[in-house]
Amino acid sequence: MESVLERVKGQIVQNIQIAAENARRNGALNFETLPDFVLEVPRDKGHGDFATNIAMLLARQAKMAPRQVAEILNNHFSKEGSSMAKVEIAGPGFINFYLDSKWVYEVLPQIEEQGDKYGDSNAGQGKKVQVEFVSANPTGLLHMGNARGAALGDTMANLMQAAGFDVSREFYINDTGNQIENFGRSLEARYFQLMGQDVPFPEEGYHGQDIIDTVKGLIAADPDQKYLNMDPEARKAEFVEYALAEKLNAIRGNLSQFGVNYDVWFSEKTLHDSGAVSSAIAELRAGDYIYENEGAIWLKTTAFGEEKDEVLVRGNGIPTYFAADIAYHKNKFDRGFQWVINIWGADHHGHVARLKGAVKALGYESDNLDIVLMQLVRLFKGGEIIRMSKRSGEFITLEELIAEVGKDAARYFFVMRSPDSHLDFDMDLAKSQSTDNPVYYIQYAHARICSILRQMEDKGGTLPKAGACDLERLQEPAELELIRKLVDFPTEISAAAVNLEPHRMARYAHELAGLFHSFYNSNRVMVDDEELQKARLVLVKSVRAVVRRALGLLGLTAPESM
RNA sequence: GCGCCUAUAGCUCAGUGGAUAGAGCAACGGACUUCUAAUCCGUGUGUCGGAGGUUCGAGUCCUCCUAGGCGCGCCA
C-alpha cells in the first residue's frame, strides 16, 4: 500500500513536472532535459512541508537566475485539486511548498486498517535476499562481537522483510579445517587430563573452561570408558562430533534467547564433501585465474587489484578457508539470491576485495554482494578494557551479557550506532544506569499508552474508530508533530533496509517516543470534550501500533506496563 | 610501507550535495491533588581534524596531509 507521504510527494512532483513542461511549451522557460531534481522535506519547518531544488538545477540551461526560474514555475503550478496552501520562493532559489495540514490525518485510518502491518512497503519488490551473520566458529561460545553481529544482522533482516524483500537468514558453520583439528586436539588433551593422565595441553589449543565442561559431559556419557583404548583418529572424530553438536546447540539456544532465529544453518564441511570447492576451483582454472607454485594452487587475486595472490589449495592438498568461501558464495548465488549480504567484523576487511573479485571471476555480479563491516566492540568493565580472546577463554559470552544487561538493552545498544562506528560497551554503565537507558524510554511510551487505554476500558469506554471521529480536532503542535512522525514510518523502514542502516530505526523509535512523551505531558487524552477525546484515543492507539512495530523490528519487547 | 574504517558540542554520537549543523548524556533551574515523574519544560556550547579542489551550494563528493583503530599467514 502506498504511504501517505509517497502519495503526497508524488502529487507534487507531478505538478512540478507539468509546470515545467507547460512553461517550456509557451516559451517562458528554455531547457533540453528536465534535471534530476529533488523534492525533500526541509530540515527547518520554516521552509515549508516540502522543498525542491529544481529551479537551481534549471538555471544554467534556461540561462536565467534560479529565483527567476522559480517564479516562472510558480506561475505554472496548478493550484486546483491539491492541498497546496502556499508556494514560496526562498533563499538561493528553493521552491517551498506549504500544504494544508489535513493531509497528515490520512495516516491514522491507514494505521488502524493495517495494524501491525503499517510500515510495510514494496521497496524490495520481492527480491531474494540472504543475510549471513554471526557465523562464529562453533568451537566456543558467542562473544560480544558476535552479539553485535547478531543484533545488526537480525534487525537488518527484519527491516528488509518489512520493506518487501524476500529474506533468508543464514549461519555459516566453520566445521572443518585447522581450527577443528586444533579443537579435536584440545578435547583429547582435556580428556586425558580429566582421566588423570599427565598430558601437555596444545599451546594453540582452546583453553576455555567450557571445553573442560564439555569433556566432563563426554566422560559422564561414557561409563564403560570405551574412549580410553579407541583408535586415536576415530576417538578424536567422535570427540569433535560430540563437542560440535553441543556447541552448536548452545549457540543456537543463545541466539534464540537473543531473539535471533535462522532459516538456514550451512555447513562448510558439506562444500568440501560435495565437491563444490574443487568444482569452483576448476571453474576458476578454466577462466585462467589459477596457477601452481611451490606445490600450492594460487588464485590470481592481483588481477582484482590485490597486492598479492592467494593460496586456494595448500601444499598438503587441503583447501584454504578462502577456497571454501568462494565455493560458498557461488552456492549462494546459485541458490537464486539476488542480493547477498554478509556481516563481518572489521578485522576481516582484507578479505572483501578478493572475495568480490573471485565472485566476479566466476561470472556473478559482484555488486550483488554487499559486505557490511562492523567495527569491533570494546568491552569496558571497572573502567578497564577487557581483552577478548577465544583461545585464552577470557571473554564475556552472549549468555552472560543477556543475564547481566538483558536482551532488550543489549540489542538496542548494539544497533543504535552505525556499524562503521566503534562500540565501547561499558558493562557497569549498562547495568547501573539501566533506568535512563534509551530502550526503557521507548518501552515506557508503549506502556503509558497501554495504561491510558486500560483506564478507558475500566470506565466502560470502547476504542473509537478513526472514521467515526473528527481527526481535525487534533490541532495542538505536539499532536501534529506526532502524526507527522507516524507518516514517516514506512519511509524510515525502507530507507534503513535499502541502505543497510539499522541504526536509523533505533533513532526513529527514540524520536517517536520523545514526541509522545512530550505530547503526554502537555495534553490529556481522557478529557471532557468527547470528540477531542475520541480523536486523541485514535492518535495514541496509532502511536502504540507504530512504537510496538518499531520495537519489534529492533527485536525488543513492548511491555504493557512497567 | 600498503589497504580499510574513523575524526562533528565537555562526553557518546546522528546528520539522503541544500537554506541558520542536531540529539542523548552530563551541568543548572523548574513541573506530580490531574491518563505511570523510567516523564516533561527551560538555560548553551561548535575553526564539522588540517589544506586544496569540484559545484549555484560541501560536515557530506575528489586529492593530499595529520591523528586513532583494524588488517596485510600455505590461520579463519
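Chain identifiers are assigned alphabetically (A, B, ...) following the order of the sequence lines, protein sequences preceding nucleic acid strands; residue numbering begins at 1 within each chain. Below, each value reflects all heavy atoms present in this structure, side chains not excepted, and no hydrogens, waters or symmetry copies. Fair warning: this is a prediction, and the values are worked out from it, not measured in the lab.
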Can you name the atoms? Protein N/O to nucleotides 20-22 of chain B N/O, anything below 3.5 Å, with the distance.
none

Name the nucleic acid region contacted by [X], choosing base, sugar-phosphate or nothing; use a 4.0 angstrom heavy-atom cut-off, strictly under.
X      : answer
A:N96  : base
A:S518 : sugar-phosphate
A:S522 : nothing
A:H348 : base
A:A65  : nothing
A:F322 : nothing
A:Q443 : nothing
A:A90  : base
A:D309 : nothing
A:G177 : nothing
A:E40  : base
A:A59  : nothing

Non-hydrogen side-chain atoms of [X] and [Y] separated by less than 4.5 Å:
X      : Y      : value
A:I449 : A:R548 : no
A:V540 : A:F519 : yes
A:L537 : A:L453 : yes
A:R417 : A:M374 : no
A:E6   : A:T491 : no

I need the [atom1]-[atom2] distance between [X] and [N], as an integer number of Å.
X      : N     : atom1 : atom2 : value
A:F37  : B:C56 : CZ    : C1'   : 18 Å
A:L39  : B:U16 : CG    : P     : 18 Å
A:R504 : B:G15 : CZ    : C1'   : 10 Å
A:L373 : B:C70 : CG    : P     : 15 Å

Self-check item: Donor/acceptor link under 3.5 angstrom from A:H349 side chain onto base of B:G3
Solution: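 Between B:G3 and A:H349, which were checked side chain against base, a qualifying N/O pair under 3.5 Å is present.
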
Exercise. Look at the side chain of A:N53 and the base of B:A19, then say whether one donor and one acceptor between them are separated by less than 3.5 Å.
Key: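 Flag unset: no donor-acceptor pair detected.
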
Can you list everything that forms a salt bridge (Lys or Arg N to Asp or Glu O under 4.0 Å) with [X]? Sequence neighbours excluded, please.
X      : result
A:R354 : A:E306, A:E310
A:D309 : none
A:D370 : none

Exercise. Give, for atom CD of A:E457 and atom OG1 of A:T462, the distance between the pair rounded to the nearest 0.5 Å.
Key: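 Between atom CD of A:E457 and atom OG1 of A:T462 there are 9.0 Å.
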
Quiz item: What distance separates A:I343 CD1 from A:F133 CZ, expressed to the nearest 0.5 Å?
Solution: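 Between atom CD1 of A:I343 and atom CZ of A:F133 there are 6.5 Å.
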
Quiz prompt | 5'-most by nearest nucleotide on RNA chain B - A:E511 or A:A346 | solution =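 Nearer the 5' end of the strand: A:E511.
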
Quiz item: Toward the 5' end of RNA chain B, which comes first, A:L453 or A:Q375, by nearest nucleotide?
Solution: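 Residue closer to the 5' terminus by nearest nucleotide: A:Q375.
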
Counting only side-chain N and O atoms of [X], is one of them less than 4.0 Å from OP1 or OP2 of [N]?
X      : N     : answer
A:R314 : B:A76 : yes
A:R448 : B:A37 : yes
A:N178 : B:C75 : yes
A:K308 : B:G73 : yes
A:Y441 : B:C40 : yes
A:H503 : B:G15 : yes

Quiz item: With A:F201, which residues qualify under ring-ring contact (aromatic ring centres under 6.0 Å, His included), at least two apart?
Solution: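 With neighbours one apart ignored, the set is A:H207.
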
Practice problem: Enter syn or anti for the glycosidic conformation of B:C25, syn applying to angles within 90° of 0. | Solution: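 Anti conformation here, the glycosidic angle of B:C25 being more than 90° from 0.
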
Suppose we screen for side-chain contact (heavy atoms from CB on, under 4.5 Å). Which residues come up paired with [X], at least two apart in sequence or across chains?
X      : result
A:Y520 : A:R448, A:I452, A:F516
A:I72  : A:A23, A:A28, A:L29, A:M64, A:H76
A:K9   : A:L5, A:L39, A:F50

Quiz prompt | With A:K534 via side-chain hydrogen bond (donor to acceptor under 3.5 Å, both in side chains) - residues at least two apart | solution =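 Here the qualifying residues are A:E531.
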
Quiz item: Do you know the tightest heavy-atom contact between A:S421 and A:R148?
Solution: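 Residues A:S421 and A:R148, closest heavy atoms: O-NH2, 2.9 Å.
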
Quiz item: Does B:A19 have A:F94 stacked on its base, where the ring centres are within less than 5.5 Å and the planes differ by under 30°?
Solution: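 A stacking contact exists, since A:F94 sits close and nearly parallel to the base ring of B:A19.
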
Quiz item: Contacts to RNA chain B from residues 487-499 of chain A, heavy-atom cutoff under 4.0 Å, which residues?
Solution: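 Here the set is empty: none.
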
Quiz item: Can you list, by residue number, the residues of residues 524-545 of chain A that have a non-hydrogen atom closer than 4.0 angstrom to RNA chain B?
Solution: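 Correct list: A:R524, A:V525, A:M526.
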
Exercise. When you get a sec, tell me which of B:C40, B:C5, B:C74 is the closest nucleotide to the side chain of A:D420?
Key: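 Per side-chain heavy atoms of A:D420, the pick is B:C5.
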
Practice problem: Please work out the stems of RNA chain B from pairs that are Watson-Crick or G-U wobble with both distances under 3.5 Å, keeping only runs of three or more consecutive pairs. | Solution: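 Stem list for RNA chain B: B:1-7 with B:66-72, B:10-13 with B:22-25, B:27-31 with B:39-43, B:49-53 with B:61-65.
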
